[in-house]
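I have placed the structure first, in the form of structure tokens, so that the comments after it can refer back to it.
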There are 2 protein chains.
Amino acid sequence: MRHRLLALSLALPLLTLTGHTHADEGMWMPSQLPDIARQLKAAGFKGRPSDLAELAKPPMNAVVKVGGASGAFVSGDGLVLTNHHVAFGVIQYNAKPERDLIRDGYIAADRGAELPANPDYRVLVTTGFDRITDRILEGARGKQGREYYDAVDSATKAAVAECEREAGYRCSVANMYYGTDFYLVRQLELRDVRLVYAPPNDIGNYGGEVDNFVWPRHAGDFTLLRAYVGKDGKPADYAPDNVPYVSPAHLQVSTRNVKEGDFAMLAGYPGVTFRHRMASEFANQIDWQLPSRVALYQGMIDTIESASAKDEAARVSYAAQVKSLKNTLKRAQGELDGLRRSDAAKVRRDDETAMMTWLDKQADATAIKADIAAAQVVLDRGAATRERDQLLGVIASQSQLLNSALTVQRLAHERGKPDAQRESGYQQRDEVLITGKLKQVQRRYSPAVEKALLTDLLTQYQALPAVQHVAEFDAVFGTTPAQLKAKLDAMYAGTRLGDEAQRLSAMQADHAALGASDDTLLKAAAALMPAVLRLEDESKVSAGELLRLRPAYMKGLIAFRQSQGRAVYPDANSTLRVSYGRISAMDPRDGVHYQPLTTVQGIVEKHTGAEPFNAPRPLLDAIAKGDFGSTAEPSLGNSSKGAQTVDFLTNLDTTGGNSGSPVLDAQGKLIALNFDSNWEAVSASWMFDPRYKRAIHVDMRYMRWLMAKVYPAPHLLREMNLPAE
Amino acid sequence: MRHRLLALSLALPLLTLTGHTHADEGMWMPSQLPDIARQLKAAGFKGRPSDLAELAKPPMNAVVKVGGASGAFVSGDGLVLTNHHVAFGVIQYNAKPERDLIRDGYIAADRGAELPANPDYRVLVTTGFDRITDRILEGARGKQGREYYDAVDSATKAAVAECEREAGYRCSVANMYYGTDFYLVRQLELRDVRLVYAPPNDIGNYGGEVDNFVWPRHAGDFTLLRAYVGKDGKPADYAPDNVPYVSPAHLQVSTRNVKEGDFAMLAGYPGVTFRHRMASEFANQIDWQLPSRVALYQGMIDTIESASAKDEAARVSYAAQVKSLKNTLKRAQGELDGLRRSDAAKVRRDDETAMMTWLDKQADATAIKADIAAAQVVLDRGAATRERDQLLGVIASQSQLLNSALTVQRLAHERGKPDAQRESGYQQRDEVLITGKLKQVQRRYSPAVEKALLTDLLTQYQALPAVQHVAEFDAVFGTTPAQLKAKLDAMYAGTRLGDEAQRLSAMQADHAALGASDDTLLKAAAALMPAVLRLEDESKVSAGELLRLRPAYMKGLIAFRQSQGRAVYPDANSTLRVSYGRISAMDPRDGVHYQPLTTVQGIVEKHTGAEPFNAPRPLLDAIAKGDFGSTAEPSLGNSSKGAQTVDFLTNLDTTGGNSGSPVLDAQGKLIALNFDSNWEAVSASWMFDPRYKRAIHVDMRYMRWLMAKVYPAPHLLREMNLPAE
């Protein structure tokens with residue numbers, strides 16, 4: 001009997017199980033929901049789970065990908081609700097000294113006043129989701145390492161290219177259960193996105209970095225955008241006479257009360273989780289990766305802040321990057337604290353040991369166990385250069401001009417191949433996005449700051465043991481701090497890439513023209529390119545091996561879980577997932593109990609008049625007036641009218657990328673917008689601990705009240721079919 | 001009818017009312033308890049309120065004054081339970097490099113091992129409490145200002161002197177309702193106090209300054225002392241063959257469970273409250289006094305820390321002073337925040353306006369209203385020099401050597417008068433205490449730090465407007481920073497008061513001998529003395545007027561409250577008071593709920609391995625072992641054994657001086673020891689806000705568990721009639 005179960009598990013992902021022991025854990029693929037219908041109903045869901053199963057049908061196709069995170073259509077005219085912080089780049093892009101949209105917020109009086117987003121901002125509507133595992137793995141079977149990788153990559157690109165033949169679509173292949181299964185995702189790519197309604201930053205981001213990951217929270221972290229298409233109804237670049245996109249489905253904002261214990265369900269695009277990683281990867285994350293990331297990011301923040309301390313323009317340019325670095329730093333520290341608190345390394349190790357013990361007793365597990373052992377060897381090899389790989393990663397990703405030079409050189413290199421063989425991210429289809437990025441550098445760069453940052457990072461690189469050094473990097477940046485200074489000074493003195501037109505023309509130049517360029521940064525990037533390609537190749541050998549070997553681990557785990565009566569959801573991979581649970585209090589530490597709903601009273605309590613607790617006067621006045629109408633929660637507060645809520649807490653399973661995810665009630669009505677996790681929960685990307693895992697949402701009643709009473713937009717309430725008070 | 005009530009109120013403090021609207025507000029004189037018996041019973045008290053009415057009879061005479069705060073006898077052999085922080089000076093006094101009692105704690109294996117306290121440490125047992133209003137006010141009636149003050153002062157001294165004729169007693173006159181009533185308090189003064197049991201500082205002061213005023217709290221802030229007497233049973237200085245004092249009464253530590261909502265009652269010596277101060281005094285406190293105190297104390301802390309940064313010995317010497325300054329600073333900030341949060345200035349102003357409006361309607365209130373108006377004039381006059389008075393106050397109180405010189409000069413000055421006419425604090429009866437203080441200077445002084453501190457304070461004094469300057473201070477310290485530096489350098493270079501023998505011999509010298517001394521600091525103190533005496537005289541004129549005039553305000557307030565059906569307790573004045581209420585959770589801010597009991601789990605959560613969260617290994621091991629026996633609270637925790645509690649929260653009315661107050665249950669059993677207030681409650685010295693006022697106690701079950709399982713002292717548990725587990 002056991003053998004049959006295991007054999008079954010090796011053939012199919014097992015989605016038909018009926019029990020999972022960790023209540024409320026799970027980022028389920030919509031297609032799994034009918035299989036866990038019993039739990040979903042038991043938790044309080046009143047709809048039909050089968051209605052939720054297809055991504056390309058209502059209501060799931062009302063859930064969209066926005067600016068790298070999540071959002072939802074809330075009207076038939078392409079109105080999209082997402083977080084203020086997800087739309088922050090759009091707001092910032094439209095802000096000018098004489099029109100400070102960050103400070104003041106924005107209400108488009110009519111559609112003509114809706115402001116175009118930055119050119120690379122996208123709303124993606126899923127229109128297809130099909131399992132193509134056999135097609136993807138067909139050419140890979142029997143291969144190993146780089147060959148396995150290339151076979152999967154090539155099949156993936158072919159599938160994507162075929163899918164994208166239809167204009168206006170963006171396709172991708174989603175890898176489920178670490179290479180076990182592959183799905184083709186087809187998304188309509190809406191390129192004309194406009195800003196419709198944003199609250200002032202002191203509402204949208206009330207509490208700022210101080211309150212980041214904090215509960216109790218009091219932020220109105222929402223913004224309304226609108227997707228536009230050409231007059232022919234097809235995706236188009238911004239044009240004044242484009243028309244609102246007719247949404248295939250949209251969510252209705254609830255007008256009912258919401259209180260502790262109520263059922264809640266969330267749909268969105270969680271980015272990445274590591275719940276099913278191997279025990280040795282948990283140990284590496286806790287013992288090395290997170291502690292070293294904390295130190296590295298703190299150093300980068302200090303460097304940027306110190307280098308821009310006396311330059312107001314530089315500070316503005318780097319504000320978004322510093323904010324993002326601080327967010328990453330705080331998250332790394334929280335993840336570390338949380339994994340230690342949950343004793344995650346031991347818990348995962350014990351679980352893995354139990355799985356291996358169970359596998360030992362299965363008759364047909366020999367091949368699986370061999371693959372798992374082989375995967376461990378690959379992981380151990382990667383650890384030998386982890387310090388260097390971490391540093392080179394941020395050198396490329398956290399610089400602006402060096403990054404541009406590397407991008408331009410890489411693009412020229414890739415252009416030498418047929419499009420289908422180009423590296424992902426450098427294909428013809430990607431060139432529009434690359435152009436958008438190169439344009440934005442202008443607003444996000446200062447040569448002094450970039451040099452300071454590279455000095456910091458490359459000095460650390462220079463101090464690494466010889467075995468981790470890369471000849472091309474040593475040649476380009478020198479091997480001593482003095483050499484580094486001289487090289488960077490020359491590199492930034494002799495480059496013209498600070499000029500947008502130069503970057504864009506370099507992007508268009510062919511390999512030969514680039515090779516002839518005397519631009520110092522382009523030359524440096526050219527000299528680094530062989531190393532970049534070689535290291536990438538090495539990592540692809542490992543990636544290919546892991547892609548080949550990890551499915552054994554996942555199949556072992558799925559079979560082991562099945563023997564416990566539990567279903568397994570795939571780790572998050574930016575595809576649409578659904579989690580369900582309830583509005584939940586929490587006990588973060590001995591003696592402290594957090595209520596699950598906050599009220600506007602907390603805004604007044606936190607208000608100091610200084611950032612980040614500088615509530616706008618109209619908000620304070622409206623709170624003092626107490627005119628809450630139909631948006632008040634009657635079960636809270638001292639007055640008979642109840643209290644105006646702001647945010648609330650659920651035990652929903654979320655991670656980064658779930659920002660902007662719509663939160664639905666038992667009837668499928670929109671009750672909130674996800675925007676953060678509590679500090680204690682950031683380790684959930686690796687381990688779900690039901691004691692501490694909570695998600696933080698903006699209560700839709702706060703949005704409704706703000707739009708009705710504080711910064712009124714009756715025309716938008718009407719469009720969303722909501723009362724004006 | 002109203003007229004009769006008012007007339008009655010002018011003749012008698014009104015203690016026979018049956019209702020007070022602020023639930024759980026009130027620091028009642030024990031003699032008031034029979035009058036509020038109905039509320040006391042309704043709150044859950046199971047005993048007879050009349051049994052609590054007399055301070056000199058059991059159980060109230062088990063409650064003692066210890067080291068300036070409170071404590072209680074817990075055995076018939078003089079065993080006294082008080083806070084670790086109240087006994088901290090005793091522990092510190094006995095600590096040596098080779099025997100670090102602060103770090104390690106102390107358990108006296110037998111009575112021979114009990115360690116003598118510092119010579120000025122006292123346990124006071126109240127043996128008499130008699131109303132002597134007529135005797136005190138007889139000579140004052142018809143007088144004003146300084147004459148009124150002197151008459152009260154002289155009658156007070158005479159009463160004290162007569163009372164103290166019996167050796168071993170310390171007497172005082174307690175002023176109730178601001179000069180309305182006077183009581184003679186007679187206390188047996190036990191001078192041989194010994195250290196019996198102290199937990200390690202990392203238990204007694206777990207959380208240190210970080211957790212000061214913080215809830216949830218996890219400190220085991222208790223220590224056991226023992227009072228000794230001569231073989232004749234009378235108070236005596238320390239002698240090896242003294243014998244334990246036979247307590248006239250003692251409290252029994254409870255062995256029952258304690259949980260949220262349970263009745264609790266506390267007896268102790270609250271120092272001072274200002275609840276019945278005038279509205280203008282509330283405004284002055286909130287708008288000037290507290291903000292300026294915060295700035296002043298922060299400056300002193302910075303100065304001491306900076307001046308002792310590189311001098312380990314100086315840092316040790318000033319550790320207690322810095323700790324006390326930080327405590328004061330934090331308290332001032334908390335008081336300010338709290339008074340603002342409670343809108344105290346407006347609440348008090350509205351209450352006073354209502355009282356004055358009510359008085360306007362009373363036929364015989366003319367004289368009362370005239371006195372109240374006159375009191376306001378006196379208060380306004382005092383405000384004119386408040387900056388100077390604040391600075392001169394801390395210059396005297398926060399210096400060690402300058403303070404010694406001033407004390408010695410003042411004592412010599414006072415010795416020129418008959419003892420009964422000497423200033424309080426400088427009478428023959430005070431000389432032992434003065435000697436003790438002069439001896440301790442040795443352990444608490446560094447010339448560099450004192451000079452830095454005086455430089456900071458006197459520089460601020462020099463910057464005041466001319467109208468606030470005092471000629472003698474200008475002459476002694478100069479009027480410019482450069483002069484100040486030269487004067488202080490000379491003063492501290494030419495003094496021998498740094499030597500204990502010199503201080504003690506100066507204390508014995510007469511006025512003429514002191515006048516002839518060439519000691520620079522003694523000469524400076526002599527030059528300042530006329531100013532000190534003159535300013536004191538001016539303040540006594542004001543004090544006399546307020547002593548004469550405030551009773552009108554109190555009588556008006558008492559009559560007004562009576563018209564509302566409410567009783568009035570006198571503001572705290574270091575006399576024994578009782579408050580009652582219950583074990584209470586609190587909601588400190590939007591979204592946060594504090595549980596009223598903490599558990600040892602919180603110690604583990606807070607533990608970092610570094611001060612102030614460095615739980616001793618034996619404690620962590622014992623927690624991990626989970627062997628809680630009869631001391632666990634069954635209603636808490638996940639295990640069937642329940643959880644080991646640490647501290648708990650009540651809504652009892654307390655203030656500074658209530659440290660060490662025993663907390664009793666409905667049967668009068670000892671369930672806890674008060675040791676702090678929550679941060680939100682420190683403003684309660686001025687205004688009781690039931691939303692935020694809580695008191696923090698050590699649960700006796702934590703003490704019992706520590707003494708049974710962690711740092712065992714079975715002989716002491718036996719003495720307290722407690723189980724050994």
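Quick note on labels: first sequence line is chain A, next is B, and so on, each numbered from 1.
In terms of non-hydrogen atom pairs under 4.5 Å with chain B, the most contact-rich of R217(A), H218(A), R341(A) is H218(A). For the options A643(A), P216(A), A585(A), P588(A), heavy-atom pairs under 4.5 Å to chain B are most numerous at P216(A). Listed options Q601(A), R589(A), H593(A) were ranked by heavy-atom pairs under 4.5 angstrom with chain B; first place goes to H593(A).
Between D590(B) and Q595(A) there is no side-chain heavy-atom pair separated by less than 4.5 Å.
Other residues, nucleotides and ligands contribute more than 12 heavy atoms inside 6.0 Å of the CZ atom of R691(B).
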